[in-house]
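If you read the sequence from its start, that first residue is 1, and numbering goes on from there. From a predicted model like this one, the values you see are computed outputs, not experimental measurements.
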Amino acid sequence: MRVFTLAQTLALLIGLGALPAWAQTYRVDALIFMDLRPTSEVSSPVRLPPDGIALDDSNRLAANGIQMLPEAEFALESQWAKLRGSARFRPLLRLSWLQKDPPADNGPALQIQSGEALTLDDGSPISPVSGTLRLLMGRFLHLDADLRYTTPSETGLRQYRLHEKRKMLQNELHHLDSAKLAVLARIQQVAP
């Protein structure tokens with residue numbers, strides 16, 4: 001009878017696919033808010049936001065390894081409360097999700113929409129806050145935010161954009177911002 005060493009046994013099991021792949025799961029808590037101060041930043045042409053997976057499309061979310069968490073499990077509650085009490089900022093949307101094995105690029109994007117829809121010149125509806133958030137994992141974790149704030153003005157609609165891909169250190173609160181929109185986010189690895 002042949003006796004295998006531990007290394008040989010592991011190599012054999014890996015070769016046969018008998019060992020489970022250890023998926024990495026991350027929890028994302030994100031808070032989107034608006035700066036109420038007037039800005040001197042020139043607005044950009046009004047464009048429809050990029051496509052993403054609707055937050056209530058549980059089948060597409062699950063197919064992409066994403067599970068939305070209920071609002072009651074939101075982990076940045078103290079930051080939300082501070083923003084609600086601020087005269088300068090207005091919190092708009094908070095969301096939390098779990099995501100398994102985020103890809104390095106072109107991963108699934110969550111579709112963000114908040115506020116009562118406005119109408120573009122061509123009749124298309126657009127939410128005042130719209131865009132996408134996506135978690136990516138290359139060598140480091142990254143949060144990719146492509147958000148737009150659209151507001152009426154005397155000359156039509158104006159739009160301000162927050163487009164940033166930020167390297168995220170785990171368990172740290174990160175701030176992404178533009179002239180009108182900002183995101184507070186924290187990412188944590190969770191046990192499988």
Side-chain angles (χ1 to χ4, degrees), residues 24-35 41 43-71 73-76 79-80 83 89-120 122 124-151 157-170 173-188:
Q24 292 183 343
T25 302
Y26 295 92
R27 177 193 171 114
V28 181
D29 290 284
L31 187 160
I32 300 169
F33 62 100
M34 184 171 69
D35 190 331
E41 181 179 316
S43 62
S44 58
V46 177
R47 301 194 194 293
L48 287 173
D51 287 331
I53 304 170
L55 300 180
D56 61 355
D57 189 344
S58 56
N59 291 332
R60 279 189 67 202
L61 290 168
N64 285 281
I66 297 172
Q67 175 191 347
M68 298 306 298
L69 297 175
E71 193 170 321
E73 293 184 28
F74 181 68
L76 302 178
Q79 290 83 357
W80 179 263
L83 288 169
F89 301 109
R90 180 185 308 146
L92 301 169
L93 181 69
R94 57 188 178 177
L95 62 154
S96 300
W97 75 90
L98 298 176
Q99 186 168 344
K100 291 180 185 172
D101 291 332
D105 51 47
N106 295 322
L110 298 178
Q111 184 179 40
I112 305 300
Q113 294 183 342
S114 180
E116 190 173 328
L118 303 167
T119 305
L120 298 176
D122 66 1
S124 302
I126 187 169
S127 294
V129 177
S130 57
T132 58
L133 288 175
R134 99 178 58 219
L135 181 63
L136 302 169
M137 177 68 175
R139 186 170 175 198
F140 299 101
L141 282 167
H142 286 85
L143 186 66
D144 187 353
D146 190 354
L147 300 169
R148 294 142 204 257
Y149 172 64
T150 308
T151 184
L157 295 177
R158 295 188 317 182
Q159 192 172 72
Y160 301 92
R161 187 174 183 200
L162 164 59
H163 190 206
E164 186 173 349
K165 183 177 178 181
R166 171 76 62 88
K167 179 175 130 179
M168 305 288 282
L169 298 176
Q170 290 186 52
L173 192 60
H174 293 268
H175 179 232
L176 295 75
D177 70 342
S178 67
K180 288 309 253 180
L181 281 178
V183 176
L184 283 178
R186 183 171 59 209
I187 301 173
Q188 300 170 301

A.B. asks: How close do Trp80 and Pro91 get, heavy atom to heavy atom, and via which atoms?
C.D. replies: CZ3-CB, 3.4 Å
A.B. asks: Please test Leu48 against Leu120 for side-chain contact (heavy atoms from CB on, under 4.5 Å), starting from the C-alpha separation and ending with a verdict.
C.D. replies: CA-CA 9 Å; Leu48 287 173; Leu120 298 176; 3.6 Å; yes
A.B. asks: Between Asp122 and Ser124, is there a donor-acceptor pair closer than 3.5 Å when you use the side chain of the first and the backbone of the second?
C.D. replies: yes
A.B. asks: What distance do Tyr26 atom OH and Leu135 atom CG have between them, rounded to the nearest 0.5 Å?
C.D. replies: 8.0 Å
A.B. asks: Decide yes or no for Leu61 and Met68: does some side-chain heavy atom of the first lie under 4.5 Å from some side-chain heavy atom of the second?
C.D. replies: yes
A.B. asks: Compare every heavy atom of Pro50 with every heavy atom of Gly131, then report the nearest pair and how far apart it is.
C.D. replies: CA-CD, 4.4 Å
A.B. asks: Starting from the C-alpha separation in whole Å, work towards a yes-or-no answer on side-chain contact (heavy atoms from CB on, under 4.5 Å) for Leu147 and Leu176.
C.D. replies: CA-CA 11 Å; Leu147 300 169; Leu176 295 75; over 6 Å; no
A.B. asks: Hey, is Asp146 close enough to Arg161 for a salt bridge, meaning N to O under 4.0 Å?
C.D. replies: yes
A.B. asks: Quick one, Gln188 and Gln170 - any side-chain contact, counting heavy atoms below 4.5 Å?
C.D. replies: no
A.B. asks: Report the distance from atom CG of Leu110 to atom OG1 of Thr132, rounding to the nearest 0.5 Å.
C.D. replies: 8.5 Å
A.B. asks: Step by step, work out the side-chain contact (heavy atoms from CB on, under 4.5 Å) result for Leu31 and Phe74.
C.D. replies: CA-CA 9 Å; Leu31 187 160; Phe74 181 68; 4.1 Å; yes
A.B. asks: For the residue pair Val183 and Ala30, what are the closest heavy atoms and their distance?
C.D. replies: CG1-CB, 4.4 Å
A.B. asks: Under a 4.5 Å cut-off applied to non-hydrogen side-chain atoms, are Met34 and Val129 in contact?
C.D. replies: no
A.B. asks: Verify, without hydrogens or angle tests, whether Asp29 (side chain) and Ala75 (backbone) share a donor-acceptor contact under 3.5 angstrom.
C.D. replies: yes
A.B. asks: Salt bridge (charged side-chain N to carboxylate O under 4.0 Å, His left out): which pairs involve residues 50-71, sequence neighbours left out?
C.D. replies: Glu71-Arg94
A.B. asks: Take atom CZ in Arg166; do more than 12 heavy atoms of anything else shown fall under 6.0 Å from it?
C.D. replies: yes
A.B. asks: What is the distance from atom NE2 of His174 to atom CD of Glu164, rounded to the nearest 0.5 Å?
C.D. replies: 11.0 Å
A.B. asks: Determine the minimum heavy-atom distance between Leu181 and Arg148, stating which atoms define it.
C.D. replies: CD1-C, 3.6 Å
A.B. asks: Taking Gln24 as the fixed residue, which of Gln99, Met137, Lys100 is the one that meets the side chain to side chain contact (heavy atoms under 4.5 Å, CB included) rule?
C.D. replies: Met137
A.B. asks: Taking all non-hydrogen atoms of both residues, which atom of Ser130 and which atom of Ile126 are closest, and how far apart?
C.D. replies: OG-CG1, 3.9 Å
A.B. asks: Judged by modelled atom types alone, do Thr150 and Gln159 share a side-chain donor-acceptor pair under 3.5 Å?
C.D. replies: yes
A.B. asks: Quick check for you: to the nearest 0.5 Å, what is the distance between Leu136 atom CG and Asp105 atom CG?
C.D. replies: 7.0 Å
A.B. asks: Please find the pair of heavy atoms, one from Ser96 and one from Glu73, that lie closest to each other, and give the distance.
C.D. replies: OG-O, 4.3 Å
A.B. asks: Parallel under 30°, tilted from 30 to 60°, perpendicular over 60°: which one fits the rings of Phe33 and Phe89?
C.D. replies: perpendicular
A.B. asks: Roughly how far, to the nearest 0.5 Å, is CG of Leu173 from CD1 of Ile187?
C.D. replies: 11.0 Å
A.B. asks: Distance from Leu169 atom CG to Lys167 atom NZ, nearest 0.5 Å?
C.D. replies: 6.0 Å
A.B. asks: Would you indicate whether the side-chain heavy atoms of Ile32 and Ser114 approach each other to under 4.5 Å?
C.D. replies: no
A.B. asks: Name the orientation class of the two ring planes belonging to Tyr149 and Tyr160 (parallel below 30°, tilted from 30 to 60°, perpendicular beyond 60°).
C.D. replies: parallel
